[in-house]
Amino acid sequence: MQRNSTAVSAVVWADNELQLLDQRVLPQAVTYLSCGDLGAVADAIRDMVVRGAPAIGITAAYGIVLAARARFAQSPDGWKPAIEVDLQTLAASRPTAVNLFWAIEHMREVIADTDGNPESTLLAAAKRIHADDIAANRHMGELGAALIEAPCAILTHCNAGALATGGYGTALGVVRAGFAAGKITHVYADETRPWMQGARLTAWEMVQEGISVTLQAEGAAAHLMKQGGVGWVIVGSDRIAANGDVVNKIGTYGLAVLARYHGVKFMVVAPASTVDMGVACGDDVTIEQRSPDEVLCLAGRRIAAQGAAAWNPAFDVTPARLVDAIVTERGVVQAPDAEKMAAMMKNI
Ligand code: MRU
């Protein structure tokens, strides 16, 4: 099993099947789950076997290959209208990461142009989405690292690494490039309640890579910044609105407020497929609400007082005015606003 996290793949197409690294059990176990049909893929996205906006989009694209195989076998003449149900099933799996809807739409266009057995054409399209994402991440890594002055410690939230993408990572891609350039000396990682993506996934990736990492409870961020412990907060995103508002893992907004107060810079790193020019501002984005049990329990055991309720929004919205830089593979937008975002999205 591959152990180097730059090379580790959350999403693998092998033996005509989709294999997903089961992120629910990392880092205790490195196990791949085989998905042979569309239903299994949608379940894996919903249950967070695979998570992270770009990785979800790539997974959906491969899922559509499986759906097309099954629909074509059932009806070589009627597979195109029939597969629409599968696209809807995928779209209903998680609501916030726009990369899911972007990938479905892209594959829908390929389907419209495909005649005969669609499997090889759709597989090529899914592989291209996957490869393009890795290339974008590497480019963003260089662009983001160029903004950082050495020596610099950074704070990140959730996991926006190789595990959340096709490979290399968005926020952690900048960390990788910045560390290689000798600019980033240390990574602080929020543990990221309730799913612990920071403790379980970001820390694992950093340790594999030999990048020094210190975990902290989210509540420690203000104290860290007050002590001058970090120069940048670097995060990924699930959806960036047309005005530059950033939707990301719950807790990101709080970090942006703290960063501005303490004079710490705030960088968002995401591919252009995460930018949704169809939503004017972040408040128009559907925020996923997950089960209260994720907050009330830890590792399957109830820790909260019986009778207490829990509120569990998975994402929040950081207003563009709190963001110093949005980095995409199309370029860097400093102090983002609607005009600059539109110009960047035209820049192909
Ligand atoms: O609920 P998750 O783990 O899918 O949330 C992931 C995040 O919020 C990431 O920060 C975001 O998707 C960017 S991943 C490159």
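Since the model is a prediction, treat every value here as computed from it, not as a measurement. All ligand and atom numbering here is 1-based and tracks the order in the structure.
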Ionic contact status for R260 with D324, cut-off 4.0 Å: yes
Provide the closest heavy-atom pair for M140 versus E329 in the form atom of the first, atom of the second, distance. CG-N, 3.4 Å
Is it true that, when you exclude R321 itself, more than 12 heavy atoms of the residues, nucleotides or ligands shown sit nearer than 6.0 Å to its CZ? no
Number the atoms of ligand 1 from 1 as they appear, then name those within less than 4.0 Å of a heavy atom of R94, with their elements. 1 (O), 2 (P), 4 (O)
Salt bridge between E149 and K183, side-chain N to carboxylate O under 4.0 Å? no
In this structure, atom 9 (C) of ligand 1 is nearest to the protein heavy atom N248 OD1, 3.5 Å
The closest protein heavy-atom partner of atom 15 (C) of ligand 1 is T170 OG1, 3.1 Å
For ligand 1, which atoms sit closer than 4.0 Å to a heavy atom of T165? 15 (C)
What is the closest protein heavy atom to atom 14 (S) of ligand 1, and at what distance does it sit? A164 CB, 3.5 Å
Using only atom types and a distance under 3.5 Å, with no angle test, would you say the side chain of R200 pairs donor to acceptor with the backbone of A203? no
Run the contact test for E288 against ligand 1 with a 4.0 Å cut-off on heavy atoms, strictly below, and give the result. no
Any salt bridge linking E84 with R108? Criterion: basic side-chain nitrogen under 4.0 Å from a carboxylate oxygen. yes
Tell me, which protein residue and heavy-atom name are nearest atom 7 (C) of ligand 1, and how many Å apart are they? D238 OD1, 3.2 Å
Considering distance alone, does some N or O of M48 sit under 3.5 Å from an N or O of ligand 1? no
What protein heavy atom sits nearest atom 5 (O) of ligand 1, and how far away is it? K249 CE, 3.3 Å
Candidate list L322, I326, V235, test side chain to side chain contact (heavy atoms under 4.5 Å, CB included), partner F266, passing option: V235
Tell me, please: is H157 in heavy-atom contact with ligand 1, that is, under 4.0 Å? no
Is it true that S237 lies under 4.0 Å from ligand 1, counting heavy atoms only? yes
Among all residues two or more places apart in sequence or in another chain, which pass the ring pair (Phe, Tyr, Trp, His ring centres under 6.0 Å) test with H186? Y188
Atoms of ligand 1 close to Q197 [distance to a heavy atom under 4.0 angstrom, numbered from 1]: 1 (O), 2 (P), 3 (O)
With heavy atoms only and a cut-off of under 4.0 Å, state how A160 meets ligand 1: side chain, backbone, both or neither. both
Hydrogens and angles aside, do N248 and S237 bring a side-chain donor and acceptor to less than 3.5 Å of each other? no
For F315 and ligand 1, does the shortest N/O to N/O distance drop below 3.5 Å? no
Heavy-atom gap P54 to ligand 1 smaller than 4.0 Å: yes
In ligand 1, the atoms that come under 4.0 Å of a heavy atom of A53 are 12 (O), 14 (S)
Pairs meeting criterion salt bridge (Lys or Arg N to Asp or Glu O under 4.0 Å) with involvement of residues 64-76, two or more places apart: R69-E119, R71-D86
